[in-house]
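Working notes, structure below.
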Amino acid sequence: MDKMVSTDFGGPEEHISQEVWSQLRSMLQTELGEKKFQIWLQNLYVVSASDSEVELGCPTAFNRDYVNQNFGAVILRVLREINPGVRTVVFTFAPRPHLSIDNSAHVLPREAQAPVDASIAERLGPGSIPPNPSCTFRDFVVGKSNHIAYTAAMKAAEQVVAAQKPQFTPLFLYSGSGLGKTHLMNAVVWHVLRNSASARVLYITAESFMRRFITAMKERETLAFKDEMRNVDLLLVDDLQFIADKNATQEEFFYRFNELADQGKHVILSADRSPAQIDGVGDRIRARLLHGVTLEINATDIELRLAILERKIERFQAQYPGVVIGDDVRRFVAGRIASNIRELEGAIHKLMYIADTTQQPMTLDTARRELADVINHNERRLSVDEIKRTTANFYGIRIADMDGPRRTRTLVRPRQTAMYIAKSLTSRSYPEIGKRFGGRDHTTVMHAVRQVERHSAADPVYHEEVQSLIRLLKDGAPSQGNDPNGTSKT
DNA sequence: CTGTTTTATCCACAAATCG
DNA sequence: CGATTTGTGGATAAAACAG
């Protein structure tokens with residue numbers, strides 16, 4: 001277990017650092033995924049390593065900062081798994097000799113961001129998500145799709161700071177994934193923590209709420225758990241849709257929620273759907289949610305995306321001048337990556353990084369090549385309803401017959417096919433699918449799945465039918481959001 | 001059309017998995 | 001631990017089929 005590092009000689013230390021590094025690399029690779037690893041961590045190397053401190057070299061200044069900010073914590077954690085003695089990990093910018101990056105003007109060390117100073121951390125409730133320092137109101141790019149939500153969040157934050165009661169509780173924000181609700185939640189947390197000396201904040205995901213609740217129950221510590229909830233001035237819960245269908249957790253959550261709301265505390269919730277659309281939520285609870293304000297963050301339009309890119313690039317250039325991302329490239333990125341801001345940022349980061357390492361202006365060709373995988377990977381979230389509709393259409397039957405009781409071949413075949421597709425393309429369970437097909441039994445769905453498997457194994461024609469149906473669904477009649485063309489052209 | 005076979009469906013219940 | 005999901009075997013009645 002312990003590789004003792006005698007610092008008497010350079011020899012053994014050198015050896016050990018290499019060993020540690022290769023171990024670290026493979027662990028990081030699995031932890032972060034191949035892609036991220038290749039982009040950001042591929043070219044790191046060990047500068048020095050002692051028992052308590054590891055120094056990693058990065059090929060560019062930007063690379064150093066990015067890795068420090070985004071992966072620092074993970075890397076430290078992994079290092080500790082290897083050698084628990086490690087206290088700190090340092091990233092340095094040590095250009096390879098042959099790569100002359102000569103903007104020697106100033107490679108500013110840009111204040112290695114303070115890891116949340118103590119007084120602030122104290123007022124974060126236990127189990128809170130540490131707020132991401134780069135998600136503040138100032139960093140939020142406001143456009144017409146999100147300015148209402150932005151204003152509301154801002155207002156709520158200010159009210160908490162001023163210790164005013166909310167006009168409406170809860171504030172419910174919803175939008176598809178990656179459109180900025182988490183950013184807004186973060187911004188509220190920051191704003192409150194920084195501008196108020198006393199306000200206590202609890203910021204958690206619905207998932208972790210549930211997890212904690214369950215373990216508390218298991219260990220009979222529900223009292224402590226409840227106390228944690230009681231003493232906050234502002235409660236933020238992210239991804240509320242996770243506790244749909246989880247009855248016990250739901251009850252507990254809304255009990256806490258009501259308690260806070262009755263005391264005039266602020267509660268901000270987020271989900272990927274509106275309360276009305278989240279199924280598996282009790283009516284009583286839904287009514288309570290709708291009692292507050294419900295705001296949607298709409299899909300981004302291209303101007304907003306351009307503005308976001310603009311800002312990212314500007315900030316980047318302030319620090320690493322010489323990186324050029326042309327207008328054509330910006331429009332390309334903004335046009336192609338429409339669904340998700342996180343992806344948009346990831347893409348531009350990648351391009352900037354490449355531009356920085358090569359010290360060449362980014363060309364449209366390079367951009368297209370480098371982003372190919374991101375662009376093709378247009379995951380579409382399918383609903384059972386959509387599957388039913390499309391399948392019914394495909395076979396020329398009525399959608400009502402999907403739910404109806406009739407069992408004629410011409411109806412049963414499409415119905416079973418739809419069930420099968422629903423099972424394989426969504427994460428719904430058998431009972432859930434059955435419910436959505438006119439309240440059928442879950443074993444009926446299982447039977448349907450087996451039938452389809454059997455049939456498509458025996459009959460290539462049918463097999464092809466199913467496959468093309470799946471393709472049709474995946475590419476999708478765009479009911480919401482994806483215009484892969486983005487800019488012009490028809 | 002009638003008698004038979006096939007099978008889509010539901011039910012009761014058990015085992016496995018999840019949060 | 002309790003809830004939910006995945007399975008099993010069996011019963012029934014609606015379709016499909018054979019004559």
Side-chain angles (χ1 to χ4, degrees), chain A residues 126-129 202 204-226 228-229 237-257 269-273 278-285 382-384 387-388 391-392 395-459 461-462 465-466:
Chain A
S128 266
I129 303 163
L202 180 60
I204 52 175
T205 62
E207 213 180 354
S208 88
F209 177 90
M210 179 170 60
R211 215 185 300 283
R212 284 154 52 72
F213 169 56
I214 286 159
T215 52
M217 212 171 61
K218 222 181 309 195
E219 275 144 42
R220 319 232 148 86
E221 285 171 353
T222 51
L223 279 179
F225 178 70
K226 285 174 184 173
E228 287 172 13
M229 298 282 145
V237 181
D238 221 339
D239 292 327
L240 199 72
Q241 71 273 8
F242 273 116
I243 62 169
D245 280 331
K246 315 288 185 308
N247 266 322
T249 315
Q250 243 180 63
E251 282 298 323
E252 176 66 15
F253 171 75
F254 283 96
Y255 187 67
R256 300 292 133 229
F257 164 73
L269 308 173
S270 90
D272 65 358
R273 279 157 289 174
I278 302 179
D279 38 35
V281 173
D283 286 346
R284 197 165 47 97
I285 288 163
L382 292 166
S383 71
V384 176
I387 294 170
K388 273 162 61 177
T391 312
Y395 285 104
I397 68 171
R398 293 173 306 150
I399 322 97
D401 285 325
M402 285 287 179
D403 299 353
R406 296 182 50 207
R407 300 184 193 179
T408 48
R409 267 280 141 66
T410 47
L411 263 38
V412 163
R413 189 71 83 86
R415 188 184 296 148
Q416 293 185 322
T417 310
M419 286 178 177
Y420 168 81
I421 294 178
K423 185 61 200 166
S424 43
L425 257 48
T426 74
S427 54
R428 301 258 175 233
S429 65
Y430 290 119
E432 279 179 316
I433 293 172
K435 204 165 50 184
R436 285 168 173 74
F437 279 83
R440 285 178 157 77
D441 194 83
H442 80 276
T443 54
T444 304
V445 182
M446 293 173 69
H447 178 66
V449 170
R450 247 177 294 126
Q451 284 298 298
V452 172
E453 275 165 356
R454 215 164 55 82
H455 273 124
S456 65
D459 178 0
V461 180
Y462 175 63
E465 248 169 55
V466 176

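As the structure is a prediction and not an experimental result, all values here were calculated from the model.
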When the distance from [atom1] of [X] to [atom2] of [N] is rounded to whole Å, what number comes out?
| X | N | atom1 | atom2 | result |
| --- | --- | --- | --- | --- |
| Glu219(A) | dG19(B) | CD | P | 18 Å |
| Asp441(A) | dA13(C) | CG | C1' | 15 Å |
| Gln250(A) | dA3(C) | CD | C1' | 13 Å |
| Ile243(A) | dC18(B) | CD1 | C1' | 16 Å |
| Tyr430(A) | dT4(C) | OH | P | 19 Å |
| Phe242(A) | dC18(B) | CZ | P | 15 Å |
| Met446(A) | dC10(B) | CE | P | 14 Å |
| Ile433(A) | dT6(C) | CD1 | C1' | 12 Å |

Original post:
If you pin Gln416(A) and Thr443(A) to their nearest nucleotides in DNA chain B, which one's is more 5'?
Top reply: Gln416(A)
Minimum heavy-atom separation for [X] to [Y], with atom names?
| X | Y | result |
| --- | --- | --- |
| Thr426(A) | Ala422(A) | OG1-O, 2.6 Å |
| Ile421(A) | Ile387(A) | CG2-CG2, 3.9 Å |
| Ser429(A) | Lys423(A) | CA-NZ, 3.8 Å |

Original post:
Just how large is the angle between the end axes of the helix from dC1(B)-dG19(C) to dG19(B)-dC1(C), five pairs per end, to 10 degrees?
Top reply: 30°
Original post:
Would you say Ile285(A) and Glu251(A) make side-chain contact, with heavy atoms under 4.5 Å?
Top reply: yes
Subject >> Gln451(A) side chain reached by Tyr420(A) side chain, heavy atoms, under 4.5 Å >> reply: no
Subject >> Proximity to the side chain of Lys423(A) - top-ranked nucleotide from dG19(B), dT6(C), dT5(C) >> reply: dT6(C)
Subject >> Set of residues satisfying side-chain contact (heavy atoms from CB on, under 4.5 Å) with respect to Ser456(A), sequence neighbours excluded >> reply: Tyr462(A), His463(A)
Give [X] one of three labels, base, sugar-phosphate or nothing, depending on what nucleic acid heavy atoms sit under 4.0 Å from its own.
| X | value |
| --- | --- |
| Met217(A) | nothing |
| Gly439(A) | sugar-phosphate |
| Thr249(A) | nothing |
| Glu207(A) | nothing |

**OP:** Output, in order, the C-alpha distance, side-chain angles, deciding distance and verdict of side chain to side chain donor-acceptor pair (under 3.5 Å) for Thr205(A) and Asp238(A).
**Re:** CA-CA 4 Å; Thr205(A) 62; Asp238(A) 221 339; over 6 Å; no
I want to check one thing: is the phosphate of [N], taken as OP1 and OP2, less than 4.0 Å away from some side-chain N or O of [X]?
| X | N | value |
| --- | --- | --- |
| Gln451(A) | dA8(B) | yes |
| Ser429(A) | dT5(C) | yes |
| Arg440(A) | dT9(B) | yes |
| Lys218(A) | dG2(C) | no |

Subject >> side-chain contact (heavy atoms from CB on, under 4.5 Å) partner of Met402(A), chosen from Arg436(A), Met419(A), Arg415(A) >> reply: Arg415(A)
**OP:** Could you say whether the aromatic ring of His442(A) and the base of dT6(C) stack, counting only centre distances under 5.5 Å and plane angles under 30°?
**Re:** yes
Subject >> For DNA chain C, the residues among residues 401-415 of chain A that have a non-hydrogen atom under 4.0 Å from it >> reply: Arg406(A), Arg407(A), Thr408(A), Arg409(A)
Original post:
CD/Glu252(A) to CD1/Ile243(A) distance, rounded to the nearest 0.5 angstrom?
Top reply: 10.5 Å
**OP:** Using the six-membered ring wherever Trp is involved, compare the ring planes of Phe257(A) and Phe254(A) and label them parallel, tilted or perpendicular (cut-offs 30° and 60°).
**Re:** perpendicular
